[in-house]
Protein chains: 8
Amino acid sequence: MLKPPVAIVMGSQSDWPTMRLAAETLENLEVEYEARIVSAHRTPERMVDFATNARAEGVKVIIAGAGGAAHLPGMIAAMTPLPVFGVPVRSKALSGMDSLYSIVQMPGGIPVGTLAIGEPGAINAALLAAAVLALSDDDLADRLDAHRARQTQSVPQFPSDLE
Amino acid sequence: MLKPPVAIVMGSQSDWPTMRLAAETLENLEVEYEARIVSAHRTPERMVDFATNARAEGVKVIIAGAGGAAHLPGMIAAMTPLPVFGVPVRSKALSGMDSLYSIVQMPGGIPVGTLAIGEPGAINAALLAAAVLALSDDDLADRLDAHRARQTQSVPQFPSDLE
Amino acid sequence: MLKPPVAIVMGSQSDWPTMRLAAETLENLEVEYEARIVSAHRTPERMVDFATNARAEGVKVIIAGAGGAAHLPGMIAAMTPLPVFGVPVRSKALSGMDSLYSIVQMPGGIPVGTLAIGEPGAINAALLAAAVLALSDDDLADRLDAHRARQTQSVPQFPSDLE
Amino acid sequence: MLKPPVAIVMGSQSDWPTMRLAAETLENLEVEYEARIVSAHRTPERMVDFATNARAEGVKVIIAGAGGAAHLPGMIAAMTPLPVFGVPVRSKALSGMDSLYSIVQMPGGIPVGTLAIGEPGAINAALLAAAVLALSDDDLADRLDAHRARQTQSVPQFPSDLE
Amino acid sequence: MLKPPVAIVMGSQSDWPTMRLAAETLENLEVEYEARIVSAHRTPERMVDFATNARAEGVKVIIAGAGGAAHLPGMIAAMTPLPVFGVPVRSKALSGMDSLYSIVQMPGGIPVGTLAIGEPGAINAALLAAAVLALSDDDLADRLDAHRARQTQSVPQFPSDLE
Amino acid sequence: MLKPPVAIVMGSQSDWPTMRLAAETLENLEVEYEARIVSAHRTPERMVDFATNARAEGVKVIIAGAGGAAHLPGMIAAMTPLPVFGVPVRSKALSGMDSLYSIVQMPGGIPVGTLAIGEPGAINAALLAAAVLALSDDDLADRLDAHRARQTQSVPQFPSDLE
Amino acid sequence: MLKPPVAIVMGSQSDWPTMRLAAETLENLEVEYEARIVSAHRTPERMVDFATNARAEGVKVIIAGAGGAAHLPGMIAAMTPLPVFGVPVRSKALSGMDSLYSIVQMPGGIPVGTLAIGEPGAINAALLAAAVLALSDDDLADRLDAHRARQTQSVPQFPSDLE
Amino acid sequence: MLKPPVAIVMGSQSDWPTMRLAAETLENLEVEYEARIVSAHRTPERMVDFATNARAEGVKVIIAGAGGAAHLPGMIAAMTPLPVFGVPVRSKALSGMDSLYSIVQMPGGIPVGTLAIGEPGAINAALLAAAVLALSDDDLADRLDAHRARQTQSVPQFPSDLE
């Protein structure tokens, strides 16, 4: 049986409050996904299994979030030809700067499309995954257009003191 | 007439020595592309034209490279639903750290998949674009698999003193 | 009908607690202004409209605040010959360092006069706008001199333990 | 006798290769200026004289460049109500990051409009000074418009391998 | 009438919670001092007066604390031959990294002996001032030795869970 | 009488909440240790005594934690041939970046194996010490294997909203 | 047949000029080693094979060097209980700061003892590996002591102008 | 026999091109000094001897330069009550940022007056040492005043294109 087109993986349960925003964004766009915990460091075999089988199981795009010495997105990208989008989760000491460098500074040959540190990055990873899937799914393209239009319309003209 | 599926845009001629590697990588994978200079700051109208028309003209994926206060990738992403991949070009004073932050730290709502600073990032933007296109192009998927296999095979077992 | 001489624009409602200090500082100096939300990323058309029409509508100086990959000040500067002063709003993960780099590191050709990260920057953007307007407004120059004199006199001679 | 409307000051002769670009940019725009060496640290009296007298001598805008613990722009701004634009000159060890922080992070009350580190910052300080002066000088406004139009037209459509 | 041998100056009342630790440390060592607010930016004349008269008034060592674009220590050092010790006060956005660079990166010719960011720096500025004065005050040298001995003895052998 | 094989030393009582995790990790692995406060700066003689005698007293591996200008791990490594593992304790102003650089950037000739900033680093220093001791202690190797297996098994398959 | 006790692995041939210093240091100490290229990203299967088999093949200590998003040391540590020492190789854009963060900021549970960026780190990884092996090899302990003694004796008393 | 009043110590011969500027500055001011190599890491006993005996041997002020994980200034300060001024020598990978943090971020209790990274810091350490000695040496105070006056007079009024 095939997996949903988007896989959201993260290095630990503690990444979920961030990565949940990717899941919710996909839900809003009616894009199916599966969210799993796959730790590069604590469950390397699970990671190898996941990454090497993802394409055959029907996954189209992988969203991977991790913090600190964040190896998960890059290692998955090393083991699958699918597009991988990385979310640097904010870390305690260095506030995600370590996560960012560990994900974005991949050597030539193995790409990870990296999003912003933390929540905005999780949201955007989902939007980018949807944009990729929308290239061959006109209905999704319409939903994404509508989402962007609503987003534009929701920006007020003037700032408000009521907070 | 339709444009090629990949558009490579960059903020200035000085970005070309970096972005050329994206072009060459696409050529190796037999993916058609068009490379153009589109400056967010010096040619904002050209940028608006490019970004708002890209989808209608048949572009599928946009690769955008820029340095310093690098606004090009994010501004294009603001004006097209297509996937945008950003390459932070190395800058003189801050070595691309400014380029990286300006590209990757996008707010939730407008994604830019960001690659590494400089040449590796340009190569990887092309590989990521190809991975996206390969989702609906089995021949390209085969060529990408072959490229990755050759890459793996080209890694020697032992380091060599002959340099 | 003409707009006030100073326009304060910001990328989102969440920038207002910072940018409000620019508004208050202008009020103290009896300088008229209009404050608006103009998002480079979520409302690019609104931004283009604002920036390309500002001079014709009578705006003299633009204060633009934004956070993260802060493209608003630079993009406005790309589309108007008016002086643009940028305020890097403090961001969650990188505390405004990303905002600062995204605003200050503009390429040669398109200037943005950048102020400090956060509240001090918002206050100073207003003071700098006033200093510019005061060049051709002697009454404002007098008010600005008085403001600076009061500021000097308000500094106590000795630190106080009562806080 | 009155001074020219723009004063370019810098902390040492070693800043001139950078600040010269501000001078050349003003010359291209036919804006008169005077360039002087004024060291906050080695010639504090000269700095006090310069800053406290600048307005009375007819200076309208001050461009100040300095590197390292760059105190010149901020100290001048503390002693004159004129608009001060600061250029962080690239430093040897920290590549201008120290210059940038020392200039841009002014406390609320004393503004310095800060430009990019190094040469682009020097060019842009001149353009920003011209934009300020152009508010009350229509001929200069025309020249600045023309400069910006030429700049836009000079951007080639396609990157060139001939370097 | 002569001033005490140590002057503690700071840029604003908000620096006092940090700089108070310098005062308390001097009190513990029975070193007389005067603490004053002297803002480089808001009270430049007061600063010039203070710095140019300090030696004649009997001051031997100056401790100067400031935050952000912290110009006070360096500007005082520019106007007095006395030893100046600088304390980078922790700042809101950049946590004192801006303060540190603005104080420590002085150009060759005008020294500021810089201490750690924040409270430890304030304590150590006092200890360093005392060490300087102790070179010609044997009683103070004895008190400083005793202080250091007590400090050594106060370090427990084993960590304790009782906090 | 011989000391336990692992010595945990730290610069001050305030490091214990971090370093306690090293102690607890060793206890879980049934590795004996002694935890002591040894300040490079406040008790240099104690440090010299500890470091120069450690090998003769039967210590096999030293774990040293310190924050800020963290000299303890490197100075101990300078005075003993035993393996030294350093833990950069999170500091107030710079969040442990100063601790990290002070520990990891040792010159060629005197190694300190450095772990992550803060709690993860303390845990890992203990695990690394155990891994070293396990090279000649098969029972410990078995316990370490079991610990790693439990760690792997404890990673859930799916993220949970219950927090 | 058993492997030598130390394995030196690196992500690419371009790391060899750095990692060669680890090899030379081991040779000086008469410690046998094998140096191999194992790329986490381009040869993930080779890495899995290497890491999972290393202990059974007789390896005692692993030295792993990599640059940029340097995942090799951490991924090997995830798949072997042996002590792993990581060398952050200097990278082009970020001078090894990315390599350092990617290696040192491992999550609690999987330790990598990290050495300095670049050549000193490679030398020290070898010395640390030797220190570990010397715990159960008295001859090596003697050679290491002699190496350290020679190192101490080679430091001249006075600086020399002859360079 | 007494030592000269200023001791210049540095961690290695490679620091001499930087620290030589401290020596030359002292020579210009006719202040006697002794320059020695004292490595905290490679010659810890020499360092202990130097630091614990310096006061008794007549040293008044210590200038200590070191790079990377620069422990020399802080460790000397831990073992002598004399004023210690630290010079962060520029390092290869991190350009002296590691040296700076390792020297300046001392904990409360043990002060090191830290100067700028590299050559300016070496010059200024000498000037600060002279300022300290000048407190009880009127002739030196006069020479220092003359030095500062010459320095002020040597600053040209206008920048020169002849370089």
Side-chain angles (χ1 to χ4, degrees), chain C residues 14-15 17-19 21 25 28 65-68 70 86-105 113-128 131 144-163, chain E residues 3-4 6-24 26-27 33-50 53 63-72 87 89-102 117 122 126:
Chain C
S14 64
D15 299 323
T18 299
M19 299 309 294
L21 292 165
T25 302
N28 288 343
V87 179
V89 175
R90 212 160 52 240
S91 55
K92 194 167 178 185
L94 297 180
S95 205
M97 204 156 66
D98 44 0
S99 323
L100 173 58
Y101 289 166
S102 297
I103 294 176
V104 80
Q105 285 294 82
T114 306
L115 289 306
I117 297 169
E119 291 85 351
I123 293 168
N124 283 348
L127 291 173
L128 189 53
L144 195 56
D145 286 354
H147 174 91
R148 289 173 67 103
R150 277 195 308 275
Q151 180 170 266
T152 296
Q153 288 153 13
S154 74
V155 180
Q157 291 282 343
F158 301 102
S160 159
D161 287 334
L162 304 175
E163 287 174 84
Chain E
K3 298 261 193 182
V6 178
I8 301 176
V9 293
M10 66 211 78
S12 97
Q13 168 67 32
S14 64
D15 299 324
W16 182 233
T18 300
M19 299 309 295
R20 181 161 39 194
L21 292 165
E24 290 171 5
L26 290 174
E27 285 170 21
Y33 68 90
E34 186 184 63
R36 293 195 55 195
I37 297 179
V38 176
S39 167
H41 298 127
R42 292 176 297 148
T43 64
E45 288 182 38
R46 192 190 295 178
M47 180 185 71
V48 172
D49 284 350
F50 168 78
N53 292 324
I63 294 172
H71 300 173
L72 185 66
V87 179
V89 174
R90 212 159 54 238
S91 55
K92 195 167 177 186
L94 297 179
S95 206
M97 205 157 65
D98 44 359
S99 322
L100 173 59
Y101 288 167
S102 298
I117 297 171

Point to revise | Residue among C:Gly96, C:Pro156, C:Gly118 with most heavy-atom pairs under 4.5 Å to chain E | key: C:Pro156
Check your understanding: Between E:Met10, E:His41, E:Met19, E:Arg42, which has the largest tally of heavy atom pairs under 4.5 Å with chain C?
Key -> E:Arg42
Revision key, fill the gap. Heavy atoms of E:Gly67 and E:Ser99 approach each other most closely as CA-OG, 3.4 Å
Check your understanding: Of the listed residues (C:Ile117, C:Leu100, C:Val155), which shares the most heavy-atom pairs with chain E below a 4.5 Å separation?
Key -> C:Val155
Review point. What is the minimum heavy-atom distance between E:Ala35 and C:Phe158, and which atoms define it?
Key: O-CD2, 3.2 Å
Practice item. Taking all non-hydrogen atoms of both residues into account, name the closest pair between C:Leu127 and C:Leu144 and its distance. Key: CD2-CD1, 4.1 Å
Revision key, fill the gap. Closest heavy-atom pair, E:Ser91 versus E:Asp98, reported as atoms and distance to 0.1 Å, is OG-OD1, 2.6 Å
Check your understanding: Going by heavy atoms in the side chains, are C:Thr18 and C:Asp15 under 4.5 Å from each other?
Key -> no
**Study point:** side-chain contact (heavy atoms from CB on, under 4.5 Å) partners of E:Val48, counting only residues at least two apart
**Key:** D:Val48, E:Thr52, E:Met79
Review point. Looking at E:Ala93, E:Ala69, E:Gly68, which one has more heavy-atom pairs under 4.5 Å with chain C than the rest?
Key: E:Ala93
Check your understanding: chain E contacts: which residues in residues 147-154 of chain C have a non-hydrogen atom closer than 4.5 Å to it?
Key -> C:Gln151, C:Thr152
Check your understanding: Where do E:Ile8 and E:Tyr33 come nearest, in terms of heavy atoms and distance?
Key -> CD1-CD1, 3.8 Å
Review point. Mind checking whether C:Asp161 and E:Arg20 have side chains closer than 4.5 Å, heavy atoms only?
Key: yes
